[in-house]
Amino acid sequence: MSELRETRLEKARTLAALGQGPYALRFEPTHRTAALQQAHADLPNGQERDVAVAVAGRVMTRRVMGKLAFFTLADETGPIQLFIEKATLAASMPEDPDAFAHLTSLVDAGDLIGVRGTLRRTDRGELSVKVTGWSMLTKALQPLPDKWHGLADVEKRYRQRYLDLIVSPDTRETFRRRALAVSAMRRWLDERDFLEIETPVLQSQPGGADARPFETHHNALDLPLTLRIATELHLKRLVVGGFERVYELGRIFRNEGVSTRHNPEFTSVEIYQAYADYTDMMALTEQLIAHVCQQVCGSTRISYQGTEIDLTPPWRRATMHALVQDATGLDFTGFSSRDEAAAAMQAKGLEVPALADSVGRLLVEAFEQRVEADLIQPTFVLDYPVENSPLARAHRSKPGLVERFELFIVGRETANAFSELIDPVDQRQRLEAQQERKAAGDDEAQTVDEDFLHALEVGMPPTGGLGIGIDRLVMLLTDSPSIRDVIAFPLLRPEARMESRPEAAAESRQEPRPAAMG
RNA sequence: GGGUCGCUAGCUCAGCGGUAGAGCACUCGGCUUUUAACCGAUUGGUCCUGAGUUCGAAUCUCAGGCGACCCA
């Protein structure tokens, strides 16, 4: 099993004996490969160009034939071919008469090397570095995955993301796009005078969302703490403090299951704008997401899992009541009691969970069962029941509802926004109602945060607030079917494997490492 | 939480009750225009773990582990 590894260790020792350690200190590339490919696209087949180049990267493939060899070397920007001639190397590296043999026998696929040379486009049209010198930068002890099939094992792709990144250009592109999306979003907000302020991850009281927190403990203060489930309540305190436009883009933790749409830690951006309401936040959401999409994908029309999605504003707006009525025929404005609504739902074949104890909660149930999954194109769903939205302001004209929207794209909740509730008396009643639900057994219900209520009593301006799920947005922009495809290291159960590897342990006790042998 | 499927060589997979297999990779030999190079010869295994059925288990049964997908 460790025979491949032992072979490579032996090669590392040989390199050390030749005076070239298997782990170089540094190398100075003159170019990255994509820049070379672009700059010399005009070089005709079979021609050489006498420019001195030095490139560094990982050896991806090797083809050795007698006194000539072709390697593929890949740096972050992509691959370039190495054209390696025995005669050329012998002439250019007089200090090592066996340079060709050393290069072809001591360098394996997976090693990181640096080469110097000139350019040549082969007869078959492949731009190549005609190698006049080489050095080992890092000797790899483990082989690369199958060069043709790549890493087909999904579990291994997540567990050993470094291998996935080496062999899968698509995976590299996904994380490049994720970085682009996040920086485009920050730039857009910064340009509009939004200030990013970091708020605590460790909190003595979780709040701002209906979710179970992770629990931890501070030793010195002997204090139980939870990881934040939202940034909402602290960002609102900042608005009370006078910051009129604030946001935070960061990690949120929810102690929930894992699925293609859920990871226990995920990234959100919450944005608060004083003197604005939820209609302003709808406009902001459209503009922001369309901008990010344009920056990342070059268009606001994209394809997601074979479906065309058009993110060009304006987006469809519809109330939850209207959407439910369209899908089920049920008019929830007409029900005067929970039981009446429940009976009507059952007559239409909808499920009626016991926890849904009001007309409003049943409306949300009907929405989730019959509407949500079909909202493919971007849709703002407006005006939620007050029972499910304890931090949103009462609707200006519709009793029992709040000024809230959620944005759905490809059937997934992607953003959530309110005209924020700024009335401290109303807020206290709402949170106390939540606390009662919690006491009754709903462990996702919220609690009363006295300091937050005190902040509201100091006075919070009318404010629009918005939260966007970054991971789900990036899934959309990278055509990724699972949230794990857009999180570099998603949560997985630890693998029961080789806690003690006899050969590795014995080696570190008995043998000096190859680097120490030079 | 429930269901379905998967786990065999470093990688990708076949084998489905009767000697553990292929391609690639590795090692050795040959080869100056290859690009999944090619030709020849080797090497490589806790068939996820444990128990059971059987003369005999990678294969059948049960339990467990890890994962994927679907449902709640």
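All chains are named by letter (A, B, ...) in the order of the sequence lines, taking the proteins before the strands, and each is independently numbered beginning at 1.
Atom CZ in A:Phe83 sits roughly 15 Å away from atom C1' in B:A37 (whole-Å rounding). Atoms CD (A:Glu85) and P (B:C31) sit 16 Å apart, rounded to a whole Å. If you measure from atom CZ of A:Arg157 to atom C1' of B:G67, you get 13 Å, rounded to the nearest angstrom. Atom-to-atom, CG of A:Asp108 to C1' of B:C28 comes out at 15 Å; the value is rounded to the nearest Å. In this structure, CZ of A:Arg5 is placed 15 Å from P of B:C11, rounded to the nearest angstrom. Here the P atom of nucleotide B:G30 and the CG atom of A:Leu68 are 16 Å apart, to the nearest Å. If you measure from atom CG of A:Leu106 to atom C1' of B:C28, you get 15 Å, rounded to the nearest angstrom. Atom-to-atom, CZ of A:Arg261 to P of B:C69 comes out at 10 Å; the value is rounded to the nearest Å.
Figure legend: cation-pi geometry between A:Arg120 and A:Phe83, with NZ or CZ positioned under 6.0 Å from the six-membered ring centre and within 45° of its axis.
Atom C1' of B:G23 sits at a distance of 31 Å from the matching atom of B:G56, rounded to the whole Å. The same atom, C1', is picked in B:A36 and in B:C24; the two are 8 Å apart, to the nearest Å. Across B:G65 and B:G17, the matching P atoms stand 28 Å from one another, rounded to whole Å. Distance check on atom C1': B:U59 versus B:U19 gives 15 Å, rounded to whole Å. Atom P of B:A57 sits at a distance of 40 Å from the matching atom of B:C39, rounded to the whole Å. Taking atom C1' in both B:A14 and B:C47, the straight-line distance is 13 Å, to the nearest Å. B:A22 and B:G40 are spaced 15 Å apart, taking the P atom of each and rounding to whole Å. Spacing of C1' atoms, B:U4 relative to B:G52, comes out at 25 Å, to the nearest Å.
Distances shown here put every side-chain N or O of A:Arg63 at or beyond 4.0 Å from the OP1 or OP2 atom of B:U32. Residue A:Arg484 has a polar side-chain atom (N or O) positioned under 4.0 Å from OP1 or OP2 of B:A68. The phosphate of B:G10 has neither OP1 nor OP2 within less than 4.0 Å of any side-chain N or O from A:Lys156. At least one side-chain nitrogen or oxygen of A:Arg493 sits closer than 4.0 Å to the OP1 or OP2 atom of B:C66.
Each of A:Asp123 and A:Lys11 has a nearest nucleotide on RNA chain B; the 5'-most of these lies closest to A:Lys11. Projected onto RNA chain B by closest heavy-atom contact, A:Pro143 and A:Arg8 fall at different nucleotides, the more 5' of which corresponds to A:Pro143.
Applying the 3.5 Å distance criterion, the base of B:G23 shares a donor-acceptor pair with the side chain of A:Asp146.
Figure legend. B:A36 is base-paired to no nucleotide; pairs are counted as Watson-Crick or G-U wobble with both atom distances under 3.5 Å. As the counterpart of B:C16, no nucleotide is assigned, since no Watson-Crick or G-U wobble pattern has both distances under 3.5 Å. With both pairing distances under 3.5 Å, B:C62 is matched to B:G50 as a Watson-Crick or G-U wobble pair. Pair check for B:G1 finds B:C71; Watson-Crick or G-U wobble, both atom distances under 3.5 Å.
The side chain of A:Thr260 lies closest to B:C69 when the candidates are B:U32, B:C69, B:U27. Of all nucleotides listed (B:U33, B:U35, B:G44), B:U35 comes nearest to the side chain of A:Gln81. Nearest to the side-chain atoms of A:Tyr158 among the listed nucleotides B:A68, B:C31, B:A72 stands B:A68. For A:Thr7, taking side-chain heavy atoms from C-beta onward, the closest of the listed nucleotides B:U33, B:G10, B:C26 is B:C26. The listed nucleotides are B:C11, B:U32, B:A68; the one nearest the side chain of A:Lys67 is B:U32. Side-chain proximity of A:Glu126 to B:U43, B:U35, B:C66: nearest is B:U35. The A:Asp153 side chain lies nearest to B:U12 when the options are B:U33, B:U12, B:G10. Among B:U33, B:C11, B:G67, the nucleotide with an atom closest to any side-chain atom of A:Leu151 is B:C11.
For the pair A:Val258/A:Pro264, a side-chain contact is recorded, criterion being any heavy-atom separation below 4.5 Å from C-beta on. Considering only heavy atoms from C-beta on, A:Leu225 stays 4.5 Å or farther from A:Gln203 through its side chain. Using a 4.5 Å heavy-atom cutoff, the side chains of A:Phe335 and A:Met345 are not in contact.
Electrostatic pairing of A:Glu406 and A:Arg404 counts as a salt bridge here, judged by a charged N lying under 4.0 Å from a carboxylate O.
Counting any heavy atom pair closer than 4.0 Å across all strands shown, A:Leu492 reaches sugar-phosphate atoms only and no base atom.
Looking at residues two or more places apart in sequence or on another chain, you find no salt bridge (Lys or Arg N to Asp or Glu O under 4.0 Å) involving A:Lys86.
Two rings, from A:Phe367 and A:Phe408, have their centers less than 6.0 Å apart.
Defined by atom type and a distance below 3.5 Å, a donor-acceptor pair is present between the side-chain atoms of A:Asp210 and A:Gln446.
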